[in-house]
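The structure under discussion appears below in the form of structure tokens.
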Amino acid sequence: MNPLSAHAWDVSTAEAVIIQNDLAHKVRTEPLPSPVRVIAGMDVSYNRFSDLLFASIVVLSFPELEVLEIQNASRQTHFPYQSGFLSFREAPVLLEAFGQLRQKVDLAFLDGQGIAHPRGLGIASHVGVLLDLPTIGVGKSKLFGQYTDPGPEAGDWSDLTYKGKILGAVLRTKRNVSCVYVSIGHRAVLASAIELVMRCVRKHRIPEPTRLAHEAVNQFRREHSAGDSQEDAS
DNA sequence: GCGACAG
DNA sequence: ATCTTGTCGC
């Protein structure tokens with residue numbers, strides 16, 4: 001059945017908490033498929049104050065990182081941004097774009113946390129569970145957990161923990177740049193997630209799948225929100 | 001009460 | 001997330 005219909009999306013935060021707790025125990029930690037040959041990057045963009053969301057998925061070959069396919073989608077949301085509930089705002093449009101994919105993908109990178117979340121269900125885990133797809137969360141900032149700064153070299157990392165449990169890793173993808181927050185989304189293990197993120201890093205701090213998805217979705221948004229009269233509904 | 005708080 | 005030029009550092 002359609003992953004978008006797995007549960008209600010237009011819910012209160014109290015209901016969202018129940019859904020998150022329910023889906024969190026469906027998250028599986030297990031080895032990634034081997035070999036990984038196809039990686040997707042997924043990202044969302046929108047105009048300030050707008051609830052019209054745009055999504056892009058960029059599919060790359062691995063380890064070459066050549067673009068194989070790009071899919072875009074746009075969709076209205078009613079869920080406001082709230083820390084801890086990002087997926088209730090952004091996941092539906094991502095699922096819609098994913099449904100348009102022709103390629104089969106082995107793994108997806110998402111912008112945000114996986115299990116490094118107060119209830120263990122960041123957007124990467126939420127999307128991973130609904131699609132039953134291996135996913136990794138790559139956040140640009142921390143949502144949950146504690147850590148000490150890793151060394152300054154590319155590849156240096158430290159544990160992201162909560163109450164003694166390792167939830168993810170704080171990873172330095174390039175020398176002397178701010179870290180990225182890596183956690184498994186679904187059907188992955190942290191050590192492999194860290195290694196794959198590093199192997200997807202080229203000239204930028206953000207690994208290629210997520211970085212290219214961000215570029216693609218911004219271009220898509222700029223092309224499709226010009227002339228739309230609902231984009232600045234303040 | 002205070003500080004934290006993905007995108 | 002988005003709005004933005006120049007500018008500091010490798």
Side-chain angles (χ1 to χ4, degrees), chain A residues 9 13 16-17 20 24 27 41-57 74-95 97 108-128 135-147 152-154 160-163 167-186 193 197 201-207 209-211 213-226 228 230-234:
Chain A
W9 293 96
T13 59
V17 165
Q20 288 178 330
V27 170
M42 310 174 71
D43 195 22
V44 171
S45 173
Y46 51 91
N47 291 320
R48 197 170 158 173
F49 304 135
S50 172
D51 280 339
L52 178 59
L53 307 190
F54 300 86
S56 291
I57 300 180
S74 64
R75 187 186 185 90
Q76 194 78 27
T77 184
H78 301 294
F79 207 101
Y81 170 74
Q82 296 179 64
S83 178
F85 300 92
L86 175 67
S87 58
F88 281 83
R89 178 172 175 79
E90 298 194 349
V93 69
L94 287 173
L95 295 176
F109 283 24
L110 283 93
D111 208 333
Q113 316 300 321
I115 63 171
H117 174 280
R119 288 165 295 282
L121 198 84
I123 189 166
S125 296
H126 197 157
V127 168
T135 57
I136 294 174
V138 185
K140 296 182 293 298
S141 62
K142 188 192 76 170
L143 167 65
F144 187 66
Q146 314 174 314
Y147 67 94
E153 300 300 325
L160 178 62
T161 67
Y162 184 72
K163 291 187 174 177
L167 301 182
V170 183
L171 175 64
R172 189 93 60 194
T173 55
K174 307 281 289 184
R175 191 177 204 270
N176 291 332
V177 300
S178 50
C179 291
V180 120
Y181 299 76
V182 178
S183 54
I184 68 158
H186 183 54
V197 167
V201 169
R202 289 295 182 259
K203 297 184 164 186
H204 305 265
R205 171 173 84 115
I206 304 299
T210 292
R211 190 184 72 80
H214 192 265
E215 278 193 351
V217 76
N218 275 316
Q219 182 184 343
F220 179 62
R221 172 177 57 85
R222 285 160 185 157
E223 290 171 352
H224 287 266
S225 60
D228 264 323
Q230 49 185 331
E231 81 225 32
D232 38 15
S234 59

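None of these values were measured; they are calculated from a predicted model. Below, each value reflects all heavy atoms present in this structure, side chains not excepted, and no hydrogens, waters or symmetry copies.
Taking atom CG of A/Asp111 as the reference point, atom P of B/dA6 lies 12 Å away to the nearest angstrom. The CG-C1' distance, from A/Leu143 to C/dA1, rounds to 15 Å in whole Å. Between A/Phe54 atom CZ and C/dT2 atom C1' there is a gap of 13 Å when expressed in whole angstrom units. One interatomic measurement links the two molecules: CD of A/Gln146 to P of B/dC5, which rounds to 11 Å at whole-angstrom precision. Following rounding to the nearest Å, A/Leu52 (CG) and C/dT2 (C1') show an atom-to-atom distance of 14 Å. For A/Ile184 and B/dA6, the CD1 to C1' distance is 17 Å, given to the nearest whole Å. Taking atom OH on A/Tyr46 and atom C1' on C/dT2, their separation rounds to 8 Å, with Å as the unit. Summarising the geometry, the separation between CD on A/Gln113 and P on B/dG7 is reported as 7 Å, rounded to the nearest angstrom.
Panel note: side chain A/Gln20, backbone A/Gly84; a donor-acceptor pair is recorded below 3.5 Å. For the pair A/Arg172 (side chain) and A/Glu153 (backbone), a donor-acceptor distance under 3.5 Å is absent. Of the possible polar contacts, one joining the A/Lys174 side chain to the A/Arg202 backbone as a donor-acceptor pair under 3.5 Å is found. A/Ser45 places no side-chain N or O within donor-acceptor distance of the main-chain N or O of A/Asn218, the cut-off being under 3.5 Å. The backbone N or O of A/Arg205 lies less than 3.5 Å from a partner atom in the side chain of A/Thr173, making a donor-acceptor pair.
Counting non-hydrogen atoms under 4.0 angstrom, A/Gly122 reaches a base of the nucleic acid. When heavy atoms are screened at a 4.0 angstrom cut-off, A/His126 is found touching no nucleic acid atom at all. Among the heavy atoms of the strands, none lies under 4.0 Å from A/Leu53.
Around the CZ atom of A/Arg175, the shell of radius 6.0 Å holds no more than 12 heavy atoms that belong to other residues, nucleotides or ligands.
Within the 4.0 Å cut-off from OP1 or OP2 of B/dG7, not a single side-chain nitrogen or oxygen of A/His214 is found. Remark: A/Asn218 is not in phosphate contact with C/dA1, judged by side-chain N or O atoms under 4.0 Å from OP1 or OP2. Remark: A/Ser45 is in phosphate contact with C/dT2, judged by side-chain N or O atoms under 4.0 Å from OP1 or OP2. Between A/Lys140 and C/dA1, a side-chain N or O to OP1/OP2 separation shorter than 4.0 Å is present.
At a non-hydrogen distance threshold of 4.0 Å, A/Tyr81, A/Ser83, A/Gly84, A/Phe85, A/Leu86 from residues 79-94 of chain A come into contact with DNA chain B.
Nucleotides of DNA chain C nearest to A/Val217 and A/Arg175 differ in position, and the one nearer the 5' end is that of A/Val217.
Between A/His126 and A/Trp9, the two ring planes are parallel [angle under 30°; tilted spans 30° to 60°].
Closest to the side chain of A/Lys142, out of B/dA6, C/dT2, B/dC5, is B/dC5.
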